[in-house]
Amino acid sequence: MTQPAPHERRPAWRRHLPLAVIVVVAIVGAFTLSDWLSFETLRENRQALLDFRDAHYLWMAVIFIAIYIAIVAFSLPGASVTSVTGGFLFGLVTGSVLNVASATVGATAIFLAARAGLGETLAARIDASEGRMRQIKQRLNENEVSVLFLIRLVPVVPFFVANLLPALVGVKFRNFVLTTALGIVPGTVVYTWIGVGVGEVFDRGGTPDLSLLWEPQVIGPVLGLAALAALPILVRAVRGRKEI
């Protein structure tokens with residue numbers, strides 16, 4: 001007797017509950033937190049944050065990580081502000097490490113939630129089909145690491161989309177975590193770097209300029225990395241045509 005797949009043995013509501021909770025919290029957060037998780041909030045509370053950091057450095061790091069993970073896991077507004085805050089509070093090196101680690105854990109949480117629900121069901125149906133979607137999924141599986149790096153490195157891909165789509169097409173967990181942790185490093189370092197000097201910006205009465213990511217000297221190397229990530233896909237495509 002054939003045993004049902006794991007996603008078929010679990011009740012549907014249990015499989016979909018984590019993703020449903022994320023969607024509900026994300027919708028509520030979009031309407032209630034956008035004004036609170038802002039540079040204006042950081043400006044008004046910066047001295048209190050610095051005082052608490054100086055008195056309780058470890059606790060500040062733990063609280064910061066927990067907040068950042070929640071923001072990413074529930075797709076809440078304010079991820080960019082939080083990355084800048086990491087640089088403001090902890091400096092470039094430590095801030096970058098905390099930012100990357102927190103964002104990776106949060107992204108992994110939403111990936112697992114999506115895979116446990118819609119992802120397992122959708123991936124199984126695609127594998128059982130004979131249509132175009134199965135061929136696309138097979139090509140993706142052959143180039144998982146390169147494709148995942150691409151969607152992390154290309155700035156136009158929203159972060160939450162890069163977390164959800166891989167789960168819905170059944171990419172390997174280890175590949176998702178690896179490419180997330182490494183692929184977000186360039187952008188994260190830029191935002192953290194902005195945070196290092198945010199105090200001076202506030203003193204001048206200004207607002208941090210996140211458009212720095214699009215400056216040629218910044219976006220150029222990032223796009224170069226994206227091109228390197230795409231190279232294995234191109235090589236496989238050329239080899240495939242030669243074999244036909």
Side-chain angles (χ1 to χ4, degrees), residues 22 25-26 29 33-34 36-113 148-149 151-153 155 157-164 166 173-202 207-213 218 221-222 225:
I22 288 174
V25 174
L33 298 177
S34 56
W36 185 69
L37 295 172
S38 65
F39 286 121
E40 189 59 34
T41 300
L42 177 59
R43 185 200 306 271
E44 294 173 354
N45 296 277
R46 60 171 175 154
Q47 191 56 53
L49 289 171
L50 291 174
D51 291 342
F52 186 84
R53 180 205 62 187
D54 294 340
H56 310 282
Y57 189 90
L58 181 59
W59 273 113
M60 174 58 81
V62 170
I63 294 171
F64 174 82
I65 291 171
I67 292 175
Y68 202 157
I69 290 174
I71 288 173
V72 174
F74 291 105
S75 299
L76 299 174
S80 298
V81 176
T82 309
S83 295
V84 171
T85 303
F88 172 67
L89 291 174
F90 303 106
L92 181 59
V93 176
T94 302
S96 296
V97 171
L98 295 181
N99 284 339
V100 169
S102 303
T104 301
V105 173
T108 301
I110 192 172
F111 171 84
L112 292 175
L148 291 174
F149 265 129
I151 64 176
R152 290 299 183 192
L153 290 170
V157 180
F159 195 64
F160 74 93
V161 172
N163 296 334
L164 285 175
F173 173 74
R174 66 175 180 273
N175 288 344
F176 176 84
V177 175
L178 174 65
T179 55
T180 298
L182 297 180
I184 65 175
V185 167
T188 300
V189 170
V190 173
Y191 284 122
T192 309
W193 188 7
I194 293 173
V196 172
V198 77
E200 296 179 3
V201 174
F202 286 155
T207 300
D209 183 11
L210 299 185
S211 65
L212 178 64
L213 181 61
V218 176
V222 173
L225 290 173

Legend entry - Test item: T94 side-chain N/O and G91 main-chain N/O as donor-acceptor pair under 3.5 Å: no

Legend entry - Validation row: L49, L42 side chains within 4.5 angstrom (heavy atoms): yes

Legend entry - Aromatic contact, F202 with F39 (centres under 6.0 Å): no

Legend entry - Between Y191 and S96, a side-chain donor and acceptor under 3.5 Å: no

Legend entry - S83 (side chain) donor-acceptor with A79 (main chain) under 3.5 angstrom: yes

Legend entry - Pairwise side-chain contact, P166 with I151, heavy-atom cut-off 4.5 Å (strictly under): yes

Legend entry - Stepwise side chain to side chain contact (heavy atoms under 4.5 Å, CB included) test for N163 and F176: CA-CA 9 Å; N163 296 334; F176 176 84; 3.9 Å; yes

Inset, instruction - List the steps, then state whether side chain to side chain contact (heavy atoms under 4.5 Å, CB included) holds for V189 with L92. - result: CA-CA 7 Å; V189 170; L92 181 59; 4.2 Å; yes

Legend entry - Contact check, side chains of V72 and S102, non-hydrogen atoms, under 4.5 Å: no

Legend entry - Short side-chain to backbone donor-acceptor contact, R53 and M60, under 3.5 Å: no

Legend entry - Option from I110, L112, V105 for which side-chain contact (heavy atoms from CB on, under 4.5 Å) with T108 holds: L112

Legend entry - Residues, nucleotides or ligands: over 12 heavy atoms within 6.0 Å of F52 CZ: yes

Inset, instruction - Provide the closest heavy-atom pair for F160 versus S75 in the form atom of the first, atom of the second, distance. - result: CB-OG, 3.6 Å

Legend entry - Side-chain H-bond candidate by donor/acceptor type, T192 with N99, under 3.5 Å: yes

Legend entry - S38-T41 side chain donor-acceptor pair, cut-off 3.5 Å: yes

Inset, instruction - Could you check if a side-chain atom of V177 sits within less than 4.5 angstrom of a side-chain atom of F111, using non-hydrogen atoms only? - result: no

Legend entry - A107 versus R152, closest heavy-atom pair with distance: CB-NH2, 4.1 Å

Legend entry - Interatomic distance, I69 atom CD1 to F74 atom CZ [nearest 0.5 angstrom]: 11.0 Å

Inset, instruction - Rounded to the nearest 0.5 Å, what's the gap from CG on L153 to CD1 on I184? Could you check? - result: 10.5 Å

Legend entry - Rounded distance [0.5 Å steps], CG in L98 versus CD1 in I65: 5.0 Å

Inset, instruction - Report the distance from atom CG of L182 to atom CG of L148, rounding to the nearest 0.5 Å. - result: 11.5 Å

Inset, instruction - Look up atom CD1 in I67 and atom OG1 in T82, then write down how far apart they are to the nearest 0.5 Å. - result: 8.0 Å

Legend entry - CG-OG distance between L37 and S80, expressed to the nearest 0.5 angstrom: 11.5 Å

